[in-house]
Each structure stands twice: as C-alpha cells, then as structure tokens.
Engineer: 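Below are the structure tokens for one structure; questions will follow.
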Amino acid sequence: MNNTARVLNGVEIAAQIKAEVADEARALAAAGITPGLAVVLVGHVAASEIYVRSKVKASAELGIRSEMLTPPDSITTDEMLALIAELNARDDVDGILIQLPLPKHVDTRRLLEAVSPQKDVDGFHPINAGRLLSGMPALQPCTPGGIMEILRRSGLPVAGQHAVVLGRSDIVGKPVAMMLLNASATVTVCHSKTVNIKRYTRDADILVAAIGRPGFVTAEMVKPGATLIDVGINRLTDAAEVARFFPGDETRAAQFVARGSTLVGDIHPAAFELAGAYTPVPKGVGALTIAMLMHNTVKAAKARRGMAGHPPAATKA
Ligand code: GUN
C-alpha cells in the first residue's frame with residue numbers, strides 16, 4: 001500500500017455524529033422529550049437480526065428509546081398495515097423502521113408507503129424520495145446520507161467534481177446520486193446495462209461503488225488521486241479468493257484463519273493504492289448507517305414537534 005492514499009475512517013466519523021446526536025437527545029430530554037424508535041423485524045433473517053440488535057444498542061447508548069416488534073414470518077400485508085397504522089398514531093414513536101428484506105408474500109412497496117413520511121427514518125417513503133429529488137428538506141436514506149457526511153466532514157470537494165455512482169438501487173445508488181447532484185457534483189450513474197463502465201469510472205473524481213460484487217472495481221478502472229467510496233460488504237469464505245484479493249496481506253490471512261471469513265468491498269484493494277482518499281471495508285461507509293439512523297430519529301422527533309431540525313448540510317445547493 002502506498003503512503004499517499006488517505007483512509008477515510010468511518011468509525012471515527014460515525015462516533016462524531018453519534019456524539020452530536022447524544023447531545024441533541026440530552027437537550028430534548030431536558031425539555032421532557034425522549035425520541036422513540038420502533039424497529040419492525042419480521043421473521044428470522046440472521047443478517048437482519050444482527051443489524052436490528054445493533055440499532056437497538058446504539059439507541060440505548062444515545063438516549064433514544066427503542067422498541068423492537070417481531071411479528072412472525074406468516075404475517076400478512078394487511079396485518080402489517082394495521083401494525084404500521086398503530087405506530088403512525090402513537091405519540092411516543094418518532095421513527096419507524098421496517099427492516100428489509102421482508103418475506104416475499106408481503107407487499108414491501110405498499111408497506112413502505114404506509115409509514116408516515118414524518119416518521120420515515122429510513123427515507124424510503126416516496127414523499128421523502130420526492131423531496132430529496134426536489135432539493136427540499138427531508139428524512140434521507142441513511143447509507144447515502146452517511147456517504148455525504150464522510151465527504152463533508154473530511155473536507156473533500158464535491159461541487160464541480162465528476163461523481164460516478166455504480167448501482168441504481170432505491171436504497172443507495174439513486175439517493176446518493178441525487179445528494180451528489182444537490183451538492184453540485186456532475187453525476188453519472190452506471191448500472192448492470194451500462195456499456196463499457198470503465199470509460200466512466202476512469203473519469204471519476206469521486207467513485208461510489210454500490211453493486212454488491214466483490215472487488216468489481218479494479219485498479220485500471222480508477223483515476224489516480226480519485227476519492228473512492230466503497231459501499232460493498234461482501235463476505236469471502238474461500239481461501240483462494242482471500243489470497244487473490246489480499247496477496248501478501250498477513251493480517252487478513254490471519255483474520256481469515258481465525259474467523260473463517262473476511263470482508264471485501266466492491267472495490268479491489270489494489271485500486272485503493274491509487275486513490276487520493278478511500279473508505280476501507282470494514283470500518284468505512286457501513287459504520288455510518290446506524291449513526292445516520294440515530295440522527296434521523298432525533299431529527300424526526302424535533303420536526304414532528306415543530307422544532308427546527310438541523311438541515312442535512314450535505315444537500316445544500
Ligand atoms: N436492510 C439492509 N439495509 C437496510 C436499511 O438501511 N434499512 C432497512 N430498513 N433495512 C435494511
């Protein structure tokens with residue numbers, strides 16, 4: 001690894017944001033308000049259970065009241081709609097998070113649309129998506145919001161930069177493209193049907209990879225000095241693959257032996273060597289998601305009571 005690429009430490013930035021959220025929660029508590037988050041976890045998806053536990057734990061640490069609702073896998077769309085209506089109506093619930101993915105038999109879009117836009121701490125409701133599109137204040141999706149905070153708090157320029165986003169998901173690709181555009185970047189969105197992706201990535205000043213393919217972005221696809229933002233979290237369980245991605249990296253090899261797996265992002269580690277700055281995996285973008293959820297919960301608690309929430313600076317034009 002060369003010495004010039006700057007590591008953007010997601011854990012440190014997440015800690016800053018969490019400290020700010022805890023301060024805000026304390027100020028609200030002094031006014032007799034405890035922000036409340038309801039997390040709905042349907043059935044038993046192992047990864048979702050881990051995420052949800054982390055969300056509940058972070059809430060407790062920051063002075064946010066949280067509750068977990070765990071309906072069974074067999075719950076119907078109508079029953080979920082009734083549950084959401086109840087949470088919408090409760091005054092002690094400021095944020096509602098429906099953990100995804102949901103079982104196939106429930107209508108996910110209908111449910112996300114049923115969450116009150118004021119309590120939509122995931123920023124997935126079409127009203128919030130539309131507000132983001134229009135550059136209006138909104139509850140914004142957590143991972144894209146976290147990416148903007150990394151750029152902003154690291155002092156990396158966005159206005160006038162060519163930002164290339166790989167992936168067009170509703171959760172990351174599309175909203176981060178919109179946020180970058182609102183921050184005056186020139187934005188290109190590439191996806192599975194893009195012809196000759198390298199042509200775009202090589203011109204990127206900021207490259208955001210959110211496609212879920214281990215090491216997809218190779219060194220030859222990157223402009224030297226670029227800012228690389230890696231949203232991918234891919235678990236490697238094959239020793240040969242670990243050796244291919246991390247040749248000569250003894251720390252990784254030891255970790256793999258101890259745990260039976262290691263994580264790699266959507267950007268090949270060799271590409272990081274060319275970067276001006278990059279987010280590592282782990283301890284990069286992933287660390288921000290929960291911090292931004294906490295931020296959104298406090299923001300929703302304030303906004304619902306007519307108190308000015310601080311607007312997300314990253315979306316200022
Ligand atoms: N599943 C994976 N990521 C997310 C997220 O950001 N929000 C929700 N609700 N579910 C998820």
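Please read these numbers as outputs of a predicted model, since none were measured by experiment. Below, each value reflects all heavy atoms present in this structure, side chains not excepted, and no hydrogens, waters or symmetry copies. All ligand and atom numbering here is 1-based and tracks the order in the structure.
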Engineer: Give every donor-acceptor pair under 3.5 Å between a side-chain atom in residues 28-41 and any protein atom, sequence neighbours left out.
Structural biologist:
none

Engineer: In sequence, state the C-alpha distance, the side-chain angles, and the governing distance for Glu49 and Arg53, and then conclude on salt bridge (Lys or Arg N to Asp or Glu O under 4.0 Å).
Structural biologist: CA-CA 6 Å; Glu49 285 175 347; Arg53 265 202 299 275; 5.2 Å; no

Engineer: Out of Lys119, Arg65, Lys302, Arg305, which one pairs with Asp94 under the salt bridge (charged side-chain N to carboxylate O under 4.0 Å, His left out) rule?
Structural biologist: Arg305

Engineer: Rounded to the nearest 0.5 Å, what's the gap from CE on Met221 to NZ on Lys198? Could you check?
Structural biologist: 8.0 Å

Engineer: Return the orientation label for the Phe245 and His268 ring planes: parallel under 30°, perpendicular over 60°, tilted otherwise.
Structural biologist: tilted

Engineer: Look only at the side chain of Arg153 and the backbone of Gln16, and say whether a donor-acceptor pair between them is shorter than 3.5 Å.
Structural biologist: no

Engineer: Got the residues with a heavy atom under 4.0 Å of ligand 1, by chain and number?
Structural biologist: Leu97, Ile98, Gln99, Leu100, Asp122, Phe124

